[in-house]
Amino acid sequence: MSQIVTRPGAGPAGPVETPDILPFEAFWEGRDLPEDVPLGVLLEVDADPGDLVPWFGRLGLVVIPFAAHSDGRGFSLAQRLRDAGYEGRIRARGHVLADQFRAALRVGIDEIEIDDAHADRMPAALWQALSNGGDYRSRVFAAG
């Protein structure tokens with residue numbers, strides 16, 4: 001299972017908020033894409049977001065995988081999507097730290113998907129404190 005962290009709160013990822021997430025290749029292979037459902041795409045960090053521009057009107061969600069918290073390419077990709085005109089949701093998935101949440105919000109990432117083990121180590125209250133201007137040290141000292 002996974003958790004979705006947003007500026008207002010966190011909770012389990014569910015089917016209502018998650019459209020079918022297709023691989024990037026599905027958009028340029030000429031596949032028949034469903035007309036009546038919101039589309040989501042898994043966009044690897046080495047992909048060119050410009051290739052998705054014709055699909056922006058149909059995309060409800062772009063998921064960017066973060067293999068490691070030290071790899072900033074996902075942040076750059078999110079910024080490039082916003083610069084290209086994408087207005088839908090952008091979700092970072094994987095190894096994003098709570099300390100990186102404000103940076104993610106600044107480049108246009110709307111939500112972070114983390115697994116339950118990660119959520120146990122970094123509870124929702126920590127993410128929320130950091131997204132609203134707090135920092136890690138002030139959160140730790142306030143709790144102690």
ask   = Taking atom CG of Leu81 and atom CG of Leu43, what is their separation to the nearest 0.5 Å?
value = 6.0 Å
query = Do the non-hydrogen side-chain atoms of Leu22 and Leu39 ever get within less than 4.5 Å of each other?
reply = yes
ask   = Does one side chain, of Glu113 or Ser2, offer a donor that lies under 3.5 Å from an acceptor on the other?
value = yes
query = Hey, mind stepping through Val5 and Ile114 against side chain to side chain contact (heavy atoms under 4.5 Å, CB included) and telling me if it holds?
reply = CA-CA 8 Å; Val5 179; Ile114 56 175; 4.0 Å; yes
query = Under a 4.5 Å cut-off applied to non-hydrogen side-chain atoms, are Phe24 and Leu52 in contact?
reply = yes
task = State, to 0.1 Å, how close Val53 and Ala84 come at their nearest heavy-atom pair, and which atoms those are.
result = CG2-CB, 4.3 Å
key: Test side chain to side chain contact (heavy atoms under 4.5 Å, CB included) applied to Ile109 and Phe101, step by step   = CA-CA 9 Å; Ile109 293 173; Phe101 195 28; over 6 Å; no
request  = Report the C-alpha distance between Arg82 and Asp110 in whole Å, list the side-chain angles of each, state the deciding distance to 0.1 Å, and finish with yes or no for salt bridge (charged side-chain N to carboxylate O under 4.0 Å, His left out).
outcome  = CA-CA 11 Å; Arg82 294 299 186 203; Asp110 300 294; 2.8 Å; yes
message = For Ala47 versus Leu77, what's the shortest heavy-atom pair and its separation?
response = O-CD1, 3.9 Å
task = Walk me through it: do Leu42 and Arg93 pass the test side chain to side chain contact (heavy atoms under 4.5 Å, CB included)?
result = CA-CA 10 Å; Leu42 179 64; Arg93 175 187 284 167; 4.2 Å; yes
query = Do Val96 and His69 pass the side chain to side chain contact (heavy atoms under 4.5 Å, CB included) test, and can you show the C-alpha distance, the side-chain angles, and the key distance before you say yes or no?
reply = CA-CA 5 Å; Val96 179; His69 69 271; over 6 Å; no
key: Sub-4.5 Å side-chain heavy-atom contact between Arg91 and Ile112   = no
message = Please find the pair of heavy atoms, one from Arg80 and one from Pro49, that lie closest to each other, and give the distance.
response = NH2-CD, 3.1 Å
request  = Could you tell me which residues satisfy side chain to side chain donor-acceptor pair (under 3.5 Å) with Arg73, sequence neighbours excluded, listed by chain and number?
outcome  = Asp71
query = Do you know which of Val41, Val63, Val62 makes side-chain contact (heavy atoms from CB on, under 4.5 Å) with Ile21?
reply = Val63
key: Approximate separation, where rounding is to 0.5 Å, of Leu97 CG and Ser70 OG   = 9.0 Å
task = Output the distance between atom CZ (Phe75) and atom CD (Gln100), rounded to the nearest 0.5 Å.
result = 4.5 Å
